[in-house]
Amino acid sequence: MPNKKYCVELTEEQRSRLLERLGRGERPAAEQTRVRILLKVDEGPEGPAWTYARTAEALEVASGTVAGIRRRFCERGLTGCVERKSPDREYDHGLDGKQEAELIRLACSEAPEGQSQWSLRLLANKMVKLDVVEDLSHETVR
């Protein structure tokens, strides 16, 4: 059993917020599982203080998952632990609106001679030939 380095003690208000999230049943399953884990490992006065193994077995998750939830609760707090983390990086769009429109128009047009349909590579190459963009990867087209 892992060493309990991270202690989860929920306040009365945190516990009621978690129970409210569960009661509505509108949240994604993974989020509900994280909420249930927090409720079971709560070592506060109202909490059952279940062990890693008992929580993992009851909720059918790995004990590492339980450990990760405990760690995130201590590092990020209740909201940071329960809700899904946004990605850290920003994605640059390879095409602007006009270029995307041209790509869609091209993809909806008749396929080149000898082809039954447009491939991603054919579309990328045609966009470069038409001088819509300087360079375009088939992955950007995808």
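Note that CZ of R142 is 13.5 Å distant from CG of L123, once rounded to the nearest 0.5 Å. A distance of 11.5 Å separates CD of Q32 from CG of L59, quoted to the nearest 0.5 Å. Atom CH2 of residue W118 and atom CG of residue L103 lie 10.0 Å apart, to the nearest 0.5 angstrom.
Contact detail for V128 and L136: the closest heavy-atom pair is CG2-N, 3.8 Å. L122 approaches Q117 most closely through the heavy-atom pair CD1-O, 4.3 Å. Here the closest non-hydrogen pair linking G94 and T140 is CA-CG2, 4.1 Å. Residue A58 comes nearest to W50 through the heavy atom pair CB-CZ3, 3.5 Å, listed as atom of the first residue, atom of the second, then distance. Contact between I69 and C81 at its shortest, heavy atoms only, is O-SG, 3.5 Å.
In this structure, E139 places its CD atom where more than 12 heavy-atom neighbours from other residues, nucleotides or ligands lie under 6.0 Å away. The environment of E75 atom CD is dense: over 12 non-hydrogen atoms of other residues, nucleotides or ligands sit within 6.0 angstrom. Other residues, nucleotides and ligands contribute at most 12 non-hydrogen atoms within 6.0 Å of the CD atom of E57. By the 6.0 Å contact criterion, CD on E110 is open, its count of non-hydrogen atoms from other residues, nucleotides or ligands being 12 or less. Shown here is R71, whose CZ atom has more than 12 heavy atoms of other residues, nucleotides or ligands within 6.0 Å.
T33 contributes a side-chain N or O that, together with a main-chain N or O of A29, makes up a donor-acceptor pair within less than 3.5 Å. No donor-acceptor distance shorter than 3.5 angstrom exists from the side chain of D42 to the backbone of L38, with no hydrogens or angles considered. Between the side chain of Q99 and the main chain of V132, a donor-acceptor pair closer than 3.5 Å is present. When atom types are taken as modelled, the side chain of R70 and the backbone of Y6 share a donor-acceptor pair closer than 3.5 angstrom. Remark: side-chain polar atoms of T55 are paired, donor with acceptor, to backbone N or O of T51 under 3.5 angstrom. A distance-only check finds no donor-acceptor pair linking the side chain of E43 to the backbone of C7 [under 3.5 Å].
By the 4.5 Å heavy-atom criterion applied to side chains, R21 and R34 are not counted as neighbours. Two residues are said to be in side-chain contact when any heavy atoms from C-beta on lie closer than 4.5 Å; Q14 and F73 meet this criterion. Counting heavy atoms from C-beta on, the side chains of L130 and K126 come closer than 4.5 Å. Here the side chains of V8 and L10 are in contact, with some heavy-atom distance below 4.5 Å. At least one side-chain heavy atom of E46 sits under 4.5 Å from a side-chain heavy atom of R15.
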Could you walk me through whether E102 and M127 satisfy the side-chain contact (heavy atoms from CB on, under 4.5 Å) test, starting with their C-alpha distance in whole Å, then the side-chain angles of each, then the deciding distance to 0.1 Å, before giving a yes or no? CA-CA 8 Å; E102 182 61 26; M127 291 283 285; 4.2 Å; yes
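Using a cutoff of 4.0 Å between basic side-chain nitrogens and carboxylate oxygens, R17 and E20 are not scored as salt-bridged.
One hydrophobic cluster holds both I37 and L19 under the rule that ILVMFWY side chains link at heavy-atom gaps under 4.5 Å. With hydrophobic clusters built from ILVMFWY side chains whose heavy atoms lie under 4.5 angstrom apart, V66 shares a cluster with L22.
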